[in-house]
Amino acid sequence: LLWLLIGAGGIESAFGLLNNFGISPSFGSTTEVEASQLESFRPSGVFQQPNVLASFLATSLAACGVIISTRSHVNKVDLQKISTADNATSILKQLLSGLPHFTIALCTAILIITASRTGWIALITVLGFVTLHLKNRRQTLYPWLAPATIGLLLGGLLLATNPANQDLADRKSNLESSRAELYPQVLRMIADKPLLGYGGGNFEKAYVTHAAAQHAADPSKPPAMTNFDHPHNELLFWAVEGGVLPALGIVGFMGWLLW
């Protein structure tokens, strides 16, 4: 499963790189937005959403870290035995052996130019944790750091050579965004229905209705923003639709995994 995730991450990274050069592989009809952004197309892959792509690439990057950290001398011995028996199998094994390094470099570069705050945080977190885990294991630390460094340099190069990428990164690095209004609105929704929430699939409708009612009662509070079917925060999303218990369950499960 991890190998499939790594392979898919490499493919999505390649799509993201094509997007950055204004090429949009179409798996259906091409939208007007895609056609108008050929000169500088923010990477989105097949997901058609940069933040979703960034989350997927960060997960694939973490899978690469797991594969590299768990490689053993036994795997190398097995590879040598198989390569002498079957040249085709040897070539396939060599390609698979290099796949994580290719995916690390490309995922890192594309995560930089997605201009996704979530992607940036995930990139720093994955690189940091895996590096700390491997710091005393040079045999696996260098195969991790080398492609990651190449990816960072490539991402920086793509930013430096594309003014549109620079402008987007500058805007995204500014913490002032719609979240400053959205999060207080969502927190008020949670405070009104903390136990049962508003029901699965009802976030968008409940958000518009609740924010409109709040604005009508107190004009100093902002009205509902359009085209928001997700609060850009998974914990808040679950707390709104299912109440605080599912959100606490997610936090508890994350804590258990880290522990």
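Here, residue 1 is the first one in the sequence, and each next residue gets the next number.
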> So with a 6.0 Å cut-off around CE of M254, is the heavy-atom count from everything else above 12?
Replying inline: no

> Got more than 12 heavy atoms from elsewhere within 6.0 Å of CH2, W238?
Replying inline: no

Heavy-atom distance under 4.5 Å between the side chains of [X] and [Y], does that happen here?
X	Y	result
F56	L5	yes
T140	S69	no
H232	R117	no
H230	N51	no
L53	P43	yes
L195	L245	no
F203	L236	no

Are any side-chain N or O atoms of [X] and backbone N or O atoms of [Y], one a donor and one an acceptor, separated by less than 3.5 Å?
X	Y	result
H215	A224	no
Y207	V240	no
E241	G197	no
W120	I112	yes

Quick one: pull up [atom1] in [X] and [atom2] in [Y] and give me the separation to the nearest 0.5 Å.
X	Y	atom1	atom2	value
E12	L106	CD	CG	11.0 Å
K221	Q214	NZ	CD	4.0 Å
I104	L152	CD1	CG	11.5 Å
I121	L111	CD1	CG	12.0 Å

Search all heavy atoms of [X] against all heavy atoms of [Y] and return the closest pair with its distance.
X	Y	value
G45	F15	CA-CB, 4.1 Å
A191	P194	O-CD, 3.6 Å
L182	P231	CD2-O, 3.6 Å

> Under 4.5 Å between side-chain heavy atoms, hopping through other hydrophobics if needed: is there a path connecting L153 to I110?
Replying inline: no

> What do the steps show when you test T103 against L61 for side chain to side chain contact (heavy atoms under 4.5 Å, CB included), and what is the final call?
Replying inline: CA-CA 7 Å; T103 302; L61 186 63; over 6 Å; no

